[in-house]
Amino acid sequence: MPEKPYNHQEIELKWSGRWSADRSLYKADDDGSKPRYYVLEMLPYPSGRLHMGHVRNYSIGDTLARYQWMRGYDVLHPMGWDAFGLPAENAAIKNKRHPAEWTVSNVAHMKKQLQRMGFAYDWDREVSTCTPEYYRWNQWLFLRMMERGLAYRKTSLVNWCPECATVLANEQVENGCCWRHETTPVEQRELDQWFLRITAYAEQLLDDMKQIEAGWPSMVLTMQRNWIGRSEGAEVDFGLKGSEEKIRVFTTRVDTIYGATCVILAPEHPVSRRLCQGELAARLKAMVDDQGRKDPENLVKEGFFTGHTAVNPYNGAEIPIWVGNFVLWGYGTGAIMAVPAHDERDFEFCTKYSIPIVPVIRPADGELAVNPAEAFTGYGVMENSGEWSGLTSEEGRRRMSEKAEREGFGKASITYRLKDWGVSRQRYWGTPIPVVHCKACGVVPVPDDQLPVVLPPDVEFTGRGKSPLANLKSFLNASCPKCGSAAQRETDTMDTFVDSSWYFFRYVDPQNTALPFDPAAVKPWFPVDQYIGGVTHAILHLLYSRFWCKVMRDIGLVSVDEPFKNLFTQGMVQLNGQTMSKSKGNIVDPDEMVEKYGADTCRLFTLFAAPPEKNMDWNESSVEGQYRFLTRLYKWVTRNADASEGDGAGDARALRKLHQTIRKLTSDFDNRWHFNTSIAALMELMNELQACETSMSAAVRRECASTLVLLLAPFAPFAAEELWEVTGHTGPVFKQRWPAFDADLAREEALEIPVQVNGKLRGRITAAHGSTREEQEQAALGDEKVQAHIAGKQIVKTVVIPGKLINIVVKG
RNA sequence: GCCCGGGUGGCGAAACUGGCAGACGCAACGGACUUAAAAUCCGUUGGCCCGAAAGGGCCGUGUGGGUUCAAGCCCCACCCCGGGCACCA
């Protein structure tokens, strides 16, 4: 057969046409006849265009999915859209385009791009989170959480732009100012908002890491562990002099409490507001609104005395109460006792404001400091601490919190850095929170049979005032489900992280109208065998998904503790060392490359450029190489699929390389996914096959040709499918059996063993398979070049690693 | 500041368990084909040195030390780059 030119346009057009016509092609059988394998890639936000990060993520996932099909698994490989979110609404404000319309057209375009790449998704399972069919289950699940006390309302601060008179998302705050009013400082306003009680699951989220340790990158688990930030200490009530009121502080070092020289409140603390009247009230508001506090790196510690006095419950000492900008309202109790002698931050603060420094802990092998120049933060022995003096810090911590508990002014306590998840958004483009506010009955859940609470289409987007939903009477006005009297709908919508916290369950049963999904249908597919996505989601999305899974388990919907057995985090695609992002304007669009070289080349290139877990700087100068490789391969296979007889002298050599390549690729897939080396191995095979092309027998040529196509199939599906057909085969190539390697055929004819003298390479010997250590050593000693380096010297030692290396150590 | 990654030719990288550093590809250079160019094919390509050549020697994986017959890989100290966390009491 004469060789054919590689026409990627023609080939990719032909096969994408056939593939999209056959909806059953990438369907999971889901009948239990084969072992199942669930490959999941993080669903994209439909920003409008695919970017290289998506291409990389989905190329990795698709390559794995196709490999697992070839290994005989029943593969579930779905795709969907994280379709709610702020950009759609910003577009609506700026361009007067409805978010729904904007989103739908973006989805349509991106779906075409994905199909153009040849990604093998079961599109019948497509999920788009902005459809009522999907978000109704967000609402349903939210109600279940309310029933369990896991969803609750609490007053909380939000960013507020006085110019727009609207709430701003954190990402709409730029340098402390509004994104649309660059000179208007953002203020903090109090609002009643909805929270999910993720902290109730903090211990489980930590404990269950045991179950996934083997399959997740340890870095991600470490990041989550730090994020949860478990910390053991004590809560203690300080009295407020002249009142019955108490101020509760959290400390990990109750053993230092005799050294407390003031109490410092977070500016947001309700007690701060009560104690700061008149002139102080203005100072307090300024501190609350100060956006500089969100940038802890440059925060200068500041505070002021409230004029009030606190009483230490252990020794009755009276100390001043301050407000400090570095005290976090969101952590612990929002109030601290300052022990400047034993805490660096307190030391800095108290030094600045000339508050006394009282050392009460001495190092186990040292003296108590006098006028210390810095805080001593280590554990040690307690001094000047009344009845506790002489105890170690560890013992003091334990016994002092026992006393607090016994006498009712405190307790041992575990605090988490993790906060409850604020899910309220004062936005339109999200899932409406399904409750109604009734004057008589309070907050009333919308009954299940009235779900979904649908987003009304006819709203106005001004970017001003309250949420667009709050301005729409037809949405706002409702009757109370309990008493029937006039009531108002909740106008907050849910954080979009809710949408992405459980979508991977819905894929299994995407059309279900009675439940989020049928537990029995979901069970055999979980946990997900392989989840793949950007390391940028290491904390929020992956933590929320783990939390949501546990809640759904407690509701009885799922039977696993953890949703993802294995996680792979790909590296970022960067340009000149910078993360690609819209704001930097350095997004690279794959279309141009696909147009010029084809999807196969594009896929090979993204996999070849770097190992998948590493960051990859975008530089397409080597893309030509991938195209050349595919061209050479394509020509070779078409030329040799039906070739004339050679003398067979090259058969062994070709088969050896072929089986070595099968072994290499199989091990890359099963162990470490270094597809860059897999593709390099395919190139080496190609080079070898070209070298012995004329000396191969027809049978071996055919075998090499078709096996090569199978090995290529996971990486370059279009070319592989075309070649599979050209070589006279039928059936989709990715449903063929992955080739098995033959260790005998893969073995080199003879061993070539490097010989070193004093650790420097001096020669090589060849040895037969199965030759003994002694034979190899003798051959090495007899080698001419080696002789030249050991002549006249004394052999101290010979190291022989049979079949690998020989090192002769000489001296003199 | 703390916790992770990483640093190897002109470039992307490889070296899988301490055992031949630089596979594979890009770029570059030389050659073949061509009126010419592109494409393609063949060859060279870490640096320095000796040699007419065949060939040979020395150096070389961020820096400095160490362990070892043997170190890109292990240990100690440090420098640089990337990421995460960061007044979390």
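Protein chains get the first letters and strands the later ones, always in sequence-line order, with residue 1 at the start of each.
Separating the CD atom of A/Glu777 from the P atom of B/C69 is a distance of 17 Å, rounded to the nearest angstrom. The distance from atom OH of A/Tyr331 to atom C1' of B/C85 is 14 Å, rounded to the nearest whole Å. Taking atom CD of residue A/Gln756 and atom P of nucleotide B/G19, one finds them 11 Å apart after rounding to whole Å. Spacing between atom CZ of A/Arg663 and atom P of B/C16 amounts to 15 Å, rounded to whole angstrom units. Distance CH2 (A/Trp329) to C1' (B/A89): 15 Å, rounded to an integer number of Å. The distance between atom CG of A/Asn615 and atom C1' of B/G12, rounded to the nearest whole Å, is 14 Å. Rounding to whole angstrom units, CG of residue A/Leu542 and C1' of B/G84 are separated by 14 Å. If you measure from atom CG of A/Leu418 to atom P of B/A86, you get 12 Å, rounded to the nearest angstrom.
Only the C1' atoms considered, B/A54 is 26 Å distant from B/G60, to the nearest whole Å. The same atom, P, is picked in B/A77 and in B/G25; the two are 42 Å apart, to the nearest Å. Spacing of P atoms, B/C87 relative to B/G19, comes out at 44 Å, to the nearest Å. Look at the C1' atom in both B/C48 and B/G43: the space between them is 24 Å, to the nearest Å. For B/G18 and B/C11, the P atoms lie 28 Å apart once the distance is rounded to whole Å. Taking atom P in both B/G1 and B/G12, the straight-line distance is 29 Å, to the nearest Å. Here, B/G72 and B/A13 have their C1' atoms 14 Å apart, quoted to the whole Å. As rounded to the nearest Å, B/G62 and B/C81 have C1' atoms that lie 10 Å from one another.
Taking the ring centre of A/Phe349 as origin, the terminal cationic atom of A/Lys301 falls outside the region bounded by 6.0 Å and 45° from the ring axis.
The phosphate of B/A14 (OP1 or OP2) has no side-chain N or O of A/Arg672 nearer than 4.0 angstrom. A close approach under 4.0 Å does not occur between any side-chain nitrogen or oxygen of A/Arg762 and OP1 or OP2 of B/C20. Residue A/Lys804 has no polar side-chain atom (N or O) positioned under 4.0 Å from OP1 or OP2 of B/G19. Contact annotation: A/Ser231 side-chain N/O to B/A89 OP1/OP2 distance is under 4.0 Å. Contact annotation: A/Arg628 side-chain N/O to B/A39 OP1/OP2 distance is not under 4.0 Å. Dashed line: the shortest gap from a side-chain N or O of A/Asn226 to OP1 or OP2 of B/C4 is not under 4.0 Å. In terms of phosphate contacts, A/Arg225 brings no side-chain nitrogen or oxygen within less than 4.0 Å of OP1 or OP2 of B/C3.
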Before giving the answer on salt bridge (Lys or Arg N to Asp or Glu O under 4.0 Å), spell out for A/Glu684 and A/Lys664 the whole-Å C-alpha distance, their side-chain angles and the decisive distance to 0.1 Å. CA-CA 11 Å; A/Glu684 281 187 58; A/Lys664 162 81 178 141; over 6 Å; no

Worked verdict on A/Thr601 versus A/Gln626 for side chain to side chain donor-acceptor pair (under 3.5 Å): CA-CA 6 Å; A/Thr601 298; A/Gln626 307 309 310; over 6 Å; no

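Both A/Thr677 and A/Ile806 sit near RNA chain B, but only A/Thr677 has its closest nucleotide nearer the 5' end. Residue-to-nucleotide proximity on RNA chain B shows that, of A/Thr536 and A/Ala680, the 5′-proximal contact is made by A/Ala680.
When distances are taken from the side chain of A/Glu684 to each of B/A13, B/G19, B/C24, the shortest belongs to B/C24. Side-chain proximity of A/Phe326 to B/A89, B/A13, B/C16: nearest is B/A89. Listed nucleotides: B/G25, B/A13, B/C69. Nearest to the side chain of A/Lys797: B/C69. In the set B/A14, B/C20, B/A23, B/C20 carries the atom at the smallest distance from any side-chain atom of A/Leu805. When each of B/A89, B/C87, B/G19 is scored by its nearest atom to the side-chain atoms of A/Leu299, the top-ranked nucleotide is B/C87. When distances run from any side-chain atom of A/Asn807 to the nucleotides B/A15, B/G19, B/C58, the shortest one goes to B/G19. Counting only heavy atoms from C-beta on, A/Arg632 has its side chain closest to B/G25 among B/A14, B/G25, B/A89. Comparing B/G12, B/A86, B/A89 by their closest approach to the side chain of A/Arg417 singles out B/A86. Ranking B/A13, B/C85, B/A89 by closeness to the A/Trp227 side chain, first place goes to B/C85.
A/Arg397 and A/Glu232 are not joined by a salt bridge, as no carboxylate oxygen comes within less than 4.0 angstrom of a charged side-chain nitrogen. Salt bridge present: A/Glu203 and A/Arg230 bring a charged side-chain N and a carboxylate O closer than 4.0 Å.
Aromatic ring centroids of A/Tyr627 and A/Tyr6 lie under 6.0 Å apart.
Backbone-only engagement by A/Lys760 is indicated by non-hydrogen atom pairs under 4.0 Å involving sugar-phosphate atoms exclusively. Looking at heavy-atom distances under 4.0 Å, A/Arg230 makes no contact with the nucleic acid at all. Contacts of A/His789 with the nucleic acid, taken as non-hydrogen atoms under 4.0 Å apart, involve only primed sugar atoms and P, OP1 or OP2. Backbone-only engagement by A/Lys785 is indicated by non-hydrogen atom pairs under 4.0 Å involving sugar-phosphate atoms exclusively. Nucleic acid contact class of A/Val327 (heavy atoms, under 4.0 Å, all strands): base. Counting any heavy atom pair closer than 4.0 Å across all strands shown, A/Val799 reaches a base atom. Within the nucleic acid shown, A/Tyr416 has no heavy atom closer than 4.0 Å to any nucleic acid atom. Using a 4.0 Å heavy-atom criterion, one finds that A/Asn687 contacts the sugar-phosphate atoms exclusively.
Between the side chain of A/Arg764 and the base of B/C20 there is at least one donor-acceptor pair of N/O atoms closer than 3.5 Å.
Using N1 to N3 plus N6-O4 or O6-N4 for Watson-Crick, or N1-O2 and O6-N3 for G-U wobble, each under 3.5 Å, B/G51 pairs with nothing. The partner of B/G9, taking Watson-Crick or G-U wobble pairs whose two distances both stay under 3.5 Å, does not exist in any strand shown. Within the shown strands, B/C85 is the pairing partner of B/G1 under the Watson-Crick or G-U definition, both distances less than 3.5 Å. Checking B/U40 for Watson-Crick or G-U wobble geometry (two distances, each under 3.5 Å) identifies B/A32 as its partner. For B/C74, the paired base is B/G66 (Watson-Crick or G-U wobble, both distances below 3.5 Å).
Classified by interplanar angle (parallel below 30°, tilted 30° to 60°, perpendicular above 60°), the ring pair A/His342/A/Phe376 is perpendicular. Between A/Trp322 and A/Tyr353, the ring planes lie tilted relative to each other; the angle falls in the 30° to 60° range.
Taking 90° from 0 as the syn/anti boundary, the base of B/G56 is oriented anti.
Among residues two or more places apart in sequence or in another chain, the side chain to side chain donor-acceptor pair (under 3.5 Å) test is passed with A/Thr261 by none. Remark: A/Phe250 engages no residue in a ring-ring contact (aromatic ring centres under 6.0 Å, His included) (not counting sequence neighbours).
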